Amino acid sequence: MSFSSDLLALLDDLALRSPEEASFDIGEAFADLHWQEASAAEINSVAAAYLPFLHKTATRLRASLRQTGLPLNETSRGQWRAQLRLYRYAQLLLNLVATALHEQDDDRSEYLVRVHQERVEWCIRTMLDGYRVYVDVPSSLMVDLHQLVDLARGDLAQDYPSGWLSIHRHYVAFLTLAVVNPYGLTAEELEDGYECLIQLGEFIHLSQEQPTPTSRFIDLSGKILPHIALTPRASMAAAGAFLDLGRLYEPTALDGLPTPCRLVVYGLLERLQFYFSGRTPRNSNVSASKPVQSSLISLGFISAHHRLERLEYPDRQADLTLSLAGLDWEGLEQPIRGGVQPLVIEPEFKMDIRTTAVKDDLSWEGVHGAPEASTAVIRPGAEWDVINFSSQGFRFHWRLAGNSHAAVDDLLLAEFPQGTSDRPKFALGIVRWVRHMDAEMKTIDMGVQRVPGQMFAGYARDVRSVGAGWSKSWPIIVLLDERLQPVRAVISTALAVEAHTLLVVREGQELRLQLGAVCQTGQDFLIMEVERVDA
């Protein structure tokens, strides 16, 4: 294949193929070319045609990657590998264009700045994709970023300072996002945080001087990623730099930002305080406890509520607790609203729908006589290894082969084999960071923030519906203080929209709880302050 119309005509065929297939075909076509024999005009024509296509294809893959479950299945792994291939092809074209620009004698300032910006942006976007799907970002990408920025500095800093300043803002914005544990951010937080931090590039300082209390070490060799390197090793100090974020905490630093951006950056700054090299030691008043071997885990608000209720009322029939919920179960491939068969097996924690009919055949309204579309069973609980445990949180390693919808901000109920004075029988928590541990992506490393206090699972109704012929019953987890008084509640987002005062029945006793401020948000649930108004 040559740099003739054959290569450009290939784009018509690629547009009809999936992103994964297109990435393979582009690689085969590029491998057959003799790039060193091409003229600058030929390289520019190919780049002008292929770079927009690579960008569109990567955008299509990015939409799929954001919707994947955990652990990554084979399809999602193929999409991630295709994204890395597209990145390499884009960098190849941009490198060739940059070389051709250097050989030209005419004014090339606008094009050279744009090429450097695209090289850095491709690298950053690919790493953000890795964070979104919780995979370890290849260290080679981080090395690429440092080297691409260094090349841009050499080409632009003196002759095109405005172009260099723009690249530097993107660079330090990404590094700031990376020093916070990026596996603890949702896709929206990653995107919004990056875009907002770009506007604060002038307040972020990168140097090789001694660190300040608000600095983080950046390993330019790529051996240690930013969110891991707290302080430099003696042998690595020369191969790194320090990212000083102290000016972001100045009272006037965020004045020029729009209000939504200020809120995003406030959240990032709160997270950053823990990661500074000069931070104060953790509170060590809590005695360390020996890790247990494993824990039974329930994921998702509805699943955690159901399992918590089963622990409190082990003799209650499983089909009764399921029917009281009145909601679709989280984690299903498609919602089931009727025709759920009675459960006769030992209850565990999550519904597993096996359907043999197409989607249009489902009995959405549960009409009598409609063809049976699915069979509902309870999936057995999954055991995870407990790495550490404290009053603030815990960390798990999950070696589950099946797919799940576990993600940052999911609710999680952990059951421990033996309760002790410093470790309860179970604990409720919110997933704060998730990361694939191995190249096969079969093991998940997960950190969980513990929800303190005692709790019980019950059902709530809107007080305004009391006395009506029928009212919907909503699952609720009520959190109690040391005096066993309700202080917070975990409820579905839909319930918070519909009701302000709830009637909760527990062991024959009625509690009227008024909803207050939102404490935390999660995946389809809220933790809200509550006040008892019938005491």
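Just so it is clear, the structure is predicted and the values come from calculations on it, not from any experiment.
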Fill in: From CA spacing to verdict: side-chain contact (heavy atoms from CB on, under 4.5 Å), Gln454, Glu482
CA-CA 8 Å; Gln454 300 186 49; Glu482 62 276 2; over 6 Å; no

Item to complete: Start with the C-alpha distance between Leu502 and Leu495, add both sets of side-chain angles, then the distance that settles side-chain contact (heavy atoms from CB on, under 4.5 Å), and finish with yes or no.
Response: CA-CA 9 Å; Leu502 307 178; Leu495 175 58; 3.9 Å; yes

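- Residues Pro19 and Gln79 have side chains not in contact (no heavy-atom distance under 4.5 Å, counting atoms from C-beta outward).
- With sequence neighbours excluded, the residues forming a side chain to side chain donor-acceptor pair (under 3.5 Å) with Thr259 are Arg262, listed by chain and number.
- To the nearest 0.5 angstrom, Phe525 atom CZ is 8.5 Å from Thr493 atom OG1.
- Judged as a ring-ring contact (aromatic ring centres under 6.0 Å, His included), the pairs with a partner in residues 177-201 (not counting sequence neighbours) are, in order, Tyr131-Tyr183, Tyr183-His227.
- Smallest separation of non-hydrogen atoms from Leu65 and Ser76: CD2-O, 4.1 Å.
- Val504 has its side chain within reach of Phe456: a pair of non-hydrogen atoms, C-beta onward, lies under 4.5 Å apart.
- One N or O on the side chain of Arg216 and one on the backbone of Val179 form a donor-acceptor pair closer than 3.5 Å.
- Heavy-atom contacts from other residues, nucleotides or ligands closer than 6.0 Å to CD of Glu250 number more than 12.
- Counting only heavy atoms from C-beta outward, the side chains of Tyr459 and His305 approach each other to under 4.5 Å.
- For Ala58 against Trp122, the heavy-atom pair with the smallest separation is CB-CH2, 3.9 Å.
- Residue Leu245 comes nearest to Tyr249 through the heavy atom pair O-CD1, 3.5 Å, listed as atom of the first residue, atom of the second, then distance.
- Put simply, CG on Leu411 and CG on Asp524 are 11.0 Å apart, with the number rounded to the nearest 0.5 Å.
- Separating the CG atom in Leu185 from the CZ atom in Arg132 is a distance of 11.0 Å, to the nearest 0.5 Å.
- No donor-acceptor pair closer than 3.5 Å links the side chain of His500 to the backbone N or O of Gly516.
- Rounding to the nearest 0.5 angstrom, the gap separating the CZ atom in Phe174 from the CE atom in Met142 is 4.5 Å.
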Item to complete: May I have the step-by-step check of side-chain contact (heavy atoms from CB on, under 4.5 Å) for Ile527 and Arg488, ending in yes or no?
Response: CA-CA 7 Å; Ile527 299 182; Arg488 291 184 176 85; 4.0 Å; yes

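- Contact of the Arg247 side chain with the His205 side chain is not registered, since no non-hydrogen atoms from C-beta on lie closer than 4.5 Å.
- When all heavy atoms of Gly193 and Leu268 are compared, the closest pair comes out as CA-CD1, 3.9 Å.
- Looking at heavy atoms from C-beta onward, Leu141 lies in side-chain contact with Leu84 at the 4.5 angstrom threshold.
- Separation of atoms CG (Leu299) and CG (Leu412) is listed at 5.0 Å; rounding is to 0.5 Å.
- Between the side chain of Arg77 and the backbone N or O of Leu72, at least one donor-acceptor pair lies under 3.5 Å.
- Between Asp244 and Thr214, the side chains place a donor N or O and an acceptor N or O closer than 3.5 Å (distance only, hydrogens not considered).
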Worksheet item: When you look at Leu175 and Ile204, which way does the side-chain contact (heavy atoms from CB on, under 4.5 Å) test go after all the steps?
Response: CA-CA 10 Å; Leu175 291 180; Ile204 304 171; over 6 Å; no

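- Asp462 contributes no side-chain N or O that, together with a main-chain N or O of Ala499, makes up a donor-acceptor pair within less than 3.5 Å.
- Side-chain contact between Leu479 and Pro486 is absent, with no heavy atoms from C-beta onward closer than 4.5 Å.
- Of the listed residues (Asp445, Asp410, Asp409), just one forms a salt bridge (charged side-chain N to carboxylate O under 4.0 Å, His left out) with Arg432, and that residue is Asp409.
- Between Phe426 and Leu308, some side-chain heavy-atom pair lies under the 4.5 Å cut-off.
- When the shell of 6.0 Å around CD of Glu531 is examined, it contains 12 or fewer heavy atoms from other residues, nucleotides or ligands.
- A distance of 5.0 Å separates CH2 in Trp474 from OG in Ser492, rounded to the nearest 0.5 Å.
- Side-chain N or O atoms of Gln523 include one that pairs as donor or acceptor with a backbone N or O of Val408 at under 3.5 Å.
- Side-chain contact between Thr176 and Leu272 is present, with at least one heavy-atom pair separated by less than 4.5 Å.
- Listed here is the closest heavy atom pair of Val137 and Met127: CG1-CG, 3.4 Å.
- With salt bridges taken as basic N to acidic carboxylate O contacts below 4.0 Å, one links Glu191 and Arg125.
- Considering all non-hydrogen atoms of both residues, Pro182 and Leu190 come closest at O-CD2, 4.2 Å.
- Between the side chain of Thr252 and the main chain of Asp255, no donor-acceptor pair closer than 3.5 Å is present.
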